[in-house]
Amino acid sequence: MVRLLHLRQPGRRLLRLLLPRGEPVVALLVTVAAFGTGFVVRPLGALFFGRMGDKLGRKRTFLATLILMGAATTFTGLLPTYDAVGVLAPLALVVLRLLQGLAIGGEYGGAAIYIAEYAPPRRSGFLTSFLQTTATLGLLTSILVIVICRLTLGEAAFAAWGWRVPFLLSAVLVIFSLAVRLKIHESPVFEKMRRTGTLLKSPIKDSLGNRHVLALVAVVLFGVTAGLGVAWYTAQFYSLYFLQTNLGVEFLAANITVGVALALGTPFFVLFGALSDRYGRLRFIVAGLVLSAVSYVPLFSWIRDAAPVGRYAEVVAAIFLQVVFVTMIYGPTAAYLVDLFPPQIRYTGISVVYHLGTGVFGGFTPLIALAATGGDDSLSGLAYPIIVTAITAITAITAITAITAITAITAITAITAITAITAITAITAIIAAVFLRKGARSPVVLRAWEVYNAPREHPRQHRTPRKAGTRT
């Protein structure tokens, strides 16, 4: 549904099916609500399903999130138009986006934990890195399906009813995934906690209500996942929006260009995940953050120069480099997060920090960036949404109808944006390097583990100091 935010050409006609005509303010508010609720509600889904995963089991939560996500996505393809049911159409869209956001809030943490808790100690980075490819492969698949549908059905048919096909096809994937998940067994780590009676009765209260664990959550959020979120959405979503909305590149050319870059970059998730098993995870995460921060301006400048004159091979190269930097961050992250959180609160902790970083701080990057540029080809859209204030948001919305005013301050805005995104990504890397320098043996991590007196699953990798007088 993110594609509903394309407010130009065919995307605009698609929006007209679900939004009121002749009321641009209402249409804009509904569009922003449909887009925003899916991201804002993710931390709530993380809390709900995180508690479920830590208390009732990884497998049960897996099944619940899949069914909820699959149902919401499939029913999106069955939405009635505004002409048929009036205001119920956009309201139904917002509700479905809400349910999708809730489901996603519990999906990633459960998948990462399940794979890592089954993985051998020195292969968790490699095995969980395949999970990290799914977001990019999902985006790539969606691009391919939409392109095929548009070419097969034609522009008019796709705008009228063909846009429903990708959503309805998702039901097939849901059924396949459900069949697979029904056959899997519960995580061995959770089963051990169940047998030994070490499960928590209230994972949310016992985790976020404890100052040591809360400190760990804050450090991981601002030291890893916030930077991860903005880097991922900038490279893989904003690049596409920048081509279509800012540079006016035709739909097919823009999507094929981004699709090729994603296809070339996806194997690097696995490469850096595997390398992190041997050389450590944090060094790749920090390197990816730093390279992303310093490369946004030159790479987007390259795209701005190459795309209008049809040098799409260069555009592919520029986006490919961004994707590679993202894989350096993303590839080792799942295994790294699992290493940091005690098993009793692992589902809750990972889900919360991940979706605050990628959902809230990262998810709004394309929307805010597009609004900040006012539709021109300036680089002011590289401003990072973490530090965007209410005044900036109002200015961005005004820019849609007041491009002249934005043009007058483009230089100032661009300098501010470049400084902001570089500074925040750099700060994320610094926090990670200072507070998480020793990974799972960092003081902030050890204090969180000591709260639950939780033994490490992989003692060769993580050794908790033994208190004097305790028996082994």
Side-chain angles (χ1 to χ4, degrees), residues 6 8 227 229-251 253-262 264-265 268 287-329 362 364-388 392 395-396 399-400 403-429:
H6 288 312
R8 296 164 59 97
V230 71
W232 194 88
Y233 277 96
T234 300
Q236 305 196 47
F237 277 98
Y238 182 57
S239 295
L240 178 60
Y241 296 164
F242 187 73
L243 286 172
Q244 290 184 259
T245 304
N246 298 76
L247 302 180
V249 176
E250 190 268 331
F251 172 89
N255 279 268
I256 290 177
T257 299
V258 173
V260 171
L262 294 179
L264 293 174
F268 287 85
L289 289 168
V290 172
L291 289 171
S292 295
V294 300
S295 67
Y296 285 135
V297 174
L299 289 179
F300 273 92
S301 297
W302 190 10
I303 294 172
R304 183 178 58 181
D305 294 338
V309 294
R311 302 201 305 264
Y312 292 118
E314 296 180 30
V315 177
V316 169
I319 298 175
F320 166 74
L321 288 175
Q322 292 184 64
V323 174
V324 170
F325 299 153
V326 169
T327 63
M328 295 180 70
I329 311 169
F364 284 94
T365 300
L367 179 63
I368 299 300
L370 282 175
T373 62
D376 60 26
D377 63 352
S378 73
L379 301 181
S380 57
L382 296 178
Y384 189 69
I386 292 179
I387 62 169
V388 174
T392 305
T395 303
I400 297 176
I403 298 178
T404 302
I406 291 296
T407 303
I409 61 170
T410 294
I412 298 175
T413 307
I415 293 173
T416 304
I418 293 167
T419 304
I421 195 167
T422 303
I424 290 179
T425 312
I427 289 172
T428 302

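None of the values given here were measured: they were computed from a predicted structure.
- Pairs passing the salt bridge (Lys or Arg N to Asp or Glu O under 4.0 Å) check and including a residue from residues 309-321, sequence neighbours excluded, read R311-E314.
- Nearest heavy-atom pair, S295 versus L291, reported as atom, atom and distance to 0.1 Å: OG-O, 2.7 Å.
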With a cut-off of 3.5 Å and sequence neighbours excluded, list every side-chain donor-acceptor pair involving residues 315-327.
| from | atom 1 | to | atom 2 | distance (Å) |
| --- | --- | --- | --- | --- |
| T327 | OG1 | V324 | O | 2.5 |

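- Using a 30° and 60° split on the angle between ring planes, Y233 and F237 fall in the parallel class, below 30°.
- Taking the salt bridge (charged side-chain N to carboxylate O under 4.0 Å, His left out) definition, one finds that E250 meets it with nothing, sequence neighbours left out.
- With values rounded to the nearest 0.5 angstrom, L299 atom CG is found 11.5 Å from T234 atom OG1.
- For V249 against A254, the heavy-atom pair with the smallest separation is CG1-N, 3.8 Å.
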